[in-house]
Amino acid sequence: MTRLSSYFLPTVKEAPADAEALSHKLLVRAGMVRQLASGLWTYLPAGWRVHRRVEQIVREEMDSIGGQEMLMPVVHPADLWRATGRYDIDELFKLQDRRGAELVLAMTHEESVTWHVARDIRSYRDLPQILYHFQVKERDEPRPRAGLLRTREFIMKDSYTFDRDAEGLDRAYELHVRAYDRICDRCRLEWYRVEADVGMMGGTGAHEYMAPCPAGENDVALSGAGYAANMEIASAEPQAVEGLPMPLDAPEPVDTPGATTIDAVSGLLGVPAGALIKAIPVVVDGGDPLLVVVRGDHRLNDFKLRNRLRAAFRPAREEELSEAFGTVAGYIGPVGARVRVMADEALRGLRGLVAGANEPDRHVRGVEPGRDFDPEWADVRAVEAGDRAPDGGEIRIEPAIEIGNIFKLGTRYSEPLGAAYLDDNGEERLIWMGSYGFGPARAMAAAVEQYADEQGISWPRAISPFDVELVGLGKRGEEAHDVAERLYGELCDSGLDIAYDDREASPGEKFADAELVGCPLRVTVGKRGLEAGELEAQVRRGRSTRPLPLDRAAEAAAELWRELP
RNA sequence: CGGGGCGUAGCUCAGCCUGGUUAGAGCGCCGCGUUUGGGACGCGGAGGUCGCCGGUUCAAAUCCGGCCGCCCCGACCA
């Protein structure tokens with residue numbers, strides 16, 4: 001029962017000056033959310049309705065795979081996070097209580113849920129378990145951005161699975177894949193389940209659920225044929241280099257004064273950028289210098305290199321070049337290098353290449369990896385649009401927002417927190433865990449991004465704050481007013497959620513607001529229609545209108561609504 | 001953490017460079033009236049510690065310093 005004349009829906013004509021992302025602008029303009037401080041957002045009534053509808057879809061799907069909803073605190077003892085080595089994470093909010101006891105604000109709940117399981121699960125008979133909750137997460141983000149897309153406080157559904165062994169974890173993971181697929185489908189999002197970086201934590205598998213949209217902060221590599229991966233780990237066959245120079249029997253020096261960049265060398269020698277060997281000197285954590293080489297037209301992918309090295313690294317500093325690498329910037333190359341060399345797979349089999357000569361103003365040409373230097377081969381380049389995906393499709397790259405992730409944790413948390421059980425032989429074994437996050441706010445923002453038009457938001461039916469917006473144009477005492485009032489009652493009785501615009505405002509204002517707020521169906525009751533013996537229905541997506549019969553309007557509206565996306 | 005920008009009415013902004021009556025506009029808001037199928041109009045009105053602190057000056061929204069807040073790019077992102 002929602003009459004807009006008495007509902008807190010503060011729509012505004014102008015977007016906040018500092019808003020950039022479409023979802024940020026529209027959610028604010030539509031009176032759904034307001035910012036309290038950087039990265040801290042309030043949900044106003046209509047916005048909260050959307051959030052709750054997404055939550056409910058998630059809840060139903062979690063329950064359907066046997067998930068058990070619970071609730072854990074946001075404030076945790078600091079020692080719990082020290083136990084897993086996560087106390088030093090910069091994003092973790094830290095505080096003290098009045099007695100000086102150290103506390104943290106939870107950024108996720110692996111620690112607490114595992115702590116409980118460690119205490120109350122002892123037998124193989126108690127496993128498996130799927131536990132989940134919807135709870136606020138607190139993260140002291142270095143840079144909140146784009147409205148709801150990256151905030152310091154947000155609600156997440158996080159579930160945790162506990163199994164006897166790796167096979168059990170695989171089954172739990174598969175259940176989540178199915179549940180998450182359905183959640184994304186039911187929210188009517190365009191989405192991809194992409195292979196994800198397992199990160200330094202070294203889990204055994206991870207996927208992210210990505211919703212493509214312009215404001216997304218991740219890049220995903222997609223092939224029309226089904227391949228989908230986060231750019232951080234994406235892998236593909238490179239495009240061939242056109243116009244490679246003739247191979248030589250041996251590398252041959254060539255003067256390249258002042259040519260310190262790929263463009264300069266390629267221009268000077270008249271060869272394509274792909275005929276060059278790009279050398280990237282880095283220092284691996286622990287102090288070892290390493291020369292990474294990729295094709296001249298390719299870029300190094302830091303994530304892939306980090307995963308390959310199983311260690312962090314940083315670019316070498318200027319002064320380290322002469323010292324550790326024995327050469328100068330701009331003329332570094334793998335031929336004759338006195339450090340360990342790692343070459344990207346895209347260089348394998350190429351001949352007639354150009355590389356730095358490891359002396360100023362000089363390169364060498366006719367280089368052949370494998371013949372002229374003997375590198376460690378690795379796939380460490382960033383894939384590019386047009387590359388050939390493993391499934392044969394052509395790679396395209398799109399920005400996307402991560403709305404969910406699923407992760408095989410293994411024993412990462414059960415071990416430090418002592419979550420173990422006795423198996424049927426009476427032997428103690430560690431519990432195998434998985435963790436699975438989903439952000440309703442991000443799903444909500446992604447839906448705005450994916451479906452908005454010039455007029456405003458266009459919610460998918462499943463997550464709209466209201467099913468139908470009823471616009472009454474008549475004034476008290478007029479027939480249109482009475483018909484609208486009666487129809488409001490009938491529509492509510494039909495089981496639909498109705499927003500009834502009974503405000504004293506001009507038709508233009510009401511129409512504009514209805515399209516801004518974005519309910520999937522609008523029904524207008526005005527004098528013009530009544531004279532023709534009908535009402536007007538407008539489908540928000542596409543803004544097409546059609547008449548509704550006056551005598552069975554509520555029924556007809558409900559039928560129409562059921563057909564909407 | 002590095003780079004850039006902003007802070008004046010509820011919102012979007014002008015004024016600041018070149019200091020000087022009572023700090024402005026549009027939108028929004030309140031009252032009255034006319035309007036009523038695409039943010040309509042007229043008349044009247046309310047609303048501002050010019051982010052905060054300090055300095056310079058006869059005089060500071062305006063010049064200088066410090067602080068705080070917010071946004072964007074990058075780094076970072078269990």
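All values reported here derive from a predicted model rather than from experimental measurement. By convention in this document, chain letters (A, B, ...) are assigned in the order of the sequence lines, proteins followed by strands, and residues within each chain are numbered from 1.
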Charged tip of A/Lys157 within 45° of A/Phe134 ring normal and under 6.0 Å: no

N/O (side chain, A/Lys13) to phosphate O (OP1/OP2, B/G28) under 4.0 Å: yes

Between P of B/A14 and CD of A/Glu14, the distance in whole Å: 12 Å

Salt bridge A/Glu91-A/Arg152, side-chain N to carboxylate O under 4.0 Å: no

Presence of salt bridge, A/Asp501 and A/Arg3, under 4.0 angstrom: no

A/Lys475 (side chain) and B/U36 (base): donor-acceptor pair under 3.5 Å: yes

Base versus backbone protein contacts along nucleotides 66-74 of chain B [heavy-atom cut-off under 4.0 Å; B, S, -]: ----SSSBB

Strand partner of B/G74, provided both Watson-Crick or wobble distances fall under 3.5 Å: B/C1

NZ/NE/NH1/NH2 to OD/OE distance under 4.0 Å, A/Arg145 and A/Glu20: no

Ring-face cation contact, A/Tyr451 with A/Arg541, 6.0 Å cut, 45° max: yes

B/G19 pairs with, by Watson-Crick or G-U criteria that keep both distances under 3.5 Å: none

Sugar-phosphate, base or nothing in reach of A/Glu515, heavy atoms under 4.0 Å: base

Mate of B/C41 where both pairing distances stay under 3.5 Å, Watson-Crick or G-U: B/G33

Donor-acceptor pair under 3.5 Å, A/Arg522 side chain vs B/G38 base: yes

Aromatic A/Trp191 / basic A/Arg193 pairing, under 6.0 angstrom, 45° off normal: no

